[in-house]
Amino acid sequence: MIYLNGDFLPIEEARVPVLDRGFIFGDGVYEVIPVYSRKPFRLAEHLLRLQHSLDGIRLQNPHSDSEWSDMLEQVIAGNEGDDQYLYLHITRGVARRDHAFPKGAVPTVFIMSNPLLAPPRELLATGVAAITASDNRWLRCDIKAISLLPNVLLRQMAVDAGAMETVLLREGFMTEGAASNIFVVKNGILLAPPKNHLMLPGITYDVVLELAAAEKIPCEVREVSEYEVRTAQELLLTSSTKEIMPITRLDDKPVGDGKPGTMFALLHRLYQSYKQTTMRGAPSIS
Ligand code: PDD
């Protein structure tokens with residue numbers, strides 16, 4: 001069961017006009033929100049990032065946070081499984097094709113839910129492969145835009161190479177993954193690129209940094225060079241659907257000793273226990 005413009009209905013019955021600006025221009029933004037034990041994880045943070053994306057494309061938020069929360073609850077209730085991921089999508093609506101903003105168009109709002117499957121244990125035990133590529137996206141990667149063509153092409157490069165993710169490099173520095181944020185471990189220090197217009201401010205990225213601070217894990221938020229990526233002890237990827245995963249091969253070479261490292265093991269454990277605690281109703285990291 002999905003939500004589309006005020007109605008809850010089976011996905012097979014959902015229809016969007018071909019002149020929707022999402023279809024014509026990719027003119028819209030989205031969010032992906034994990035749901036554990038039927039509760040949205042870090043909802044306030046996801047709604048805040050949604051507002052940032054809407055502001056970035058100059059589209060008024062069609063709903064208040066409590067309206068979003070109600071709609072999301074109903075979609076969760078209408079779908080099977082305790083762990084799901086919500087996909088929320090807003091476009092500038094339906095209008096005659098013209099690049100400039102249409103007057104009086106009503107935003108299209110779509111929410112669906114899919115089962116959220118934790119990364120398989122085998123993958124966490126071996127780690128995954130990644131490749132590198134030049135980050136050829138636009139300069140507003142902080143907006144979670146539905147126009148994802150560069151990300152689609154970049155991630156397909158990984159799939160074609162038998163890898164899980166593409167680590168993006170821009171002018172000698174790492175930005176993020178095609179569909180994830182990337183952390184580097186070097187000399188026992190967790191390195192994270194600073195949030196700016198070159199990367200999506202990941203919700204999972206924030207959780208990892210908060211956990212690192214709470215556990216006094218040595219950590220530096222600063223630009224991370226391509227050299228540091230290529231000589232890393234460990235590489236980690238994070239996203240709402242993949243949580244934290246170890247990258248153990250980069251461009252067909254082992255990362256560190258080629259096995260998931262101690263930083264991954266620690267952060268993964270902390271992340272799992274944080275998830276449990278939050279879902280029991282204690283959302284803050286002390
Ligand atoms: N993608 N960077 C990019 C380019 C992403 O697409 C994502 C997530 C992230 C991680 O952000 P978060 O931790 O908030 O999920 C970083 C989602 C999962 C997707 O597009 O399906």
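Everything quoted here is computed from the prediction, not taken from an experiment. Each ligand, and each atom within it, is numbered from 1 in the order the structure gives. We're numbering straight along the sequence, starting at 1.
Between I203 and ligand 1, at least one pair of N/O atoms sits closer than 3.5 Å. Any N or O atom pair closer than 3.5 Å counts here, and R49 shares at least one such pair with ligand 1. Of the N or O atoms in E176, one or more lie within a sub-3.5 Å distance of an N or O in ligand 1. Backbone and side-chain nitrogen or oxygen atoms of S240 are examined, and one is located within less than 3.5 angstrom of a nitrogen or oxygen of ligand 1. The distance criterion of under 3.5 Å between nitrogen or oxygen atoms is not met by H46 with respect to ligand 1.
Residue, atom and distance of the protein heavy atom nearest to atom 10 (C) of ligand 1 are N181 OD1, 3.5 Å. Here the protein heavy atom with the shortest distance to atom 21 (O) of ligand 1 is V32 CG2, 3.7 Å. The protein heavy-atom contact nearest to atom 18 (C) of ligand 1 is T241 OG1, 3.8 Å. Taking atom 20 (O) of ligand 1 as the reference point, the nearest protein heavy-atom neighbour is Y30 OH, 2.6 Å. Nearest to atom 6 (O) of ligand 1 among the protein's heavy atoms is A179 CA, 3.4 Å.
Proximity of the aromatic rings of F183 and Y205 is defined here by a centroid distance below 6.0 angstrom, and this criterion is met. A centroid separation of less than 6.0 Å is found between the aromatic rings of Y30 and Y87.
At a heavy-atom distance under 4.0 Å, only side-chain atoms of N151, from C-beta outward, approach ligand 1. Counting heavy atoms closer than 4.0 Å to ligand 1, residue T204 contributes atoms from both its backbone and its side chain. Contacts between C141 and ligand 1 below 4.0 angstrom, taking non-hydrogen atoms only, are absent altogether.
Heavy-atom separations between Y85 and ligand 1 are all 4.0 Å or longer.
Using a 3.5 Å distance cut-off with no hydrogens or angles, the side chains of T132 and R230 do pair a donor with an acceptor. Side chain to side chain, D160 and Q156 meet the donor-acceptor criterion of an N or O pair below 3.5 Å. With hydrogens and angles left out, the side-chain atoms of D20 and T91 include a donor and acceptor closer than 3.5 Å. With 3.5 Å as the limit, one finds no donor-acceptor pair spanning the side chains of K242 and S180. For the residue pair Q84 / N79, no side-chain donor-acceptor distance below 3.5 Å is found, with atom types taken as modelled.
Each of the atoms 11 (O), 12 (P), 13 (O), 14 (O) of ligand 1 lies under 4.0 Å from some heavy atom of G202.
Considering each of M199, R155, E243, K144, the one bringing a non-hydrogen atom nearest atom 1 (N) of ligand 1 is K144.
Under a cutoff of 6.0 Å and an axis angle of 45°, R92 and F101 form a cation-pi pair.
In terms of modelled atom types and a separation under 3.5 Å, the side chain of N61 and the main chain of Q51 share no donor-acceptor contact.
Taking the six-membered ring where the residue is Trp, H99 and F25 present tilted rings, their angle falling between 30° and 60°.
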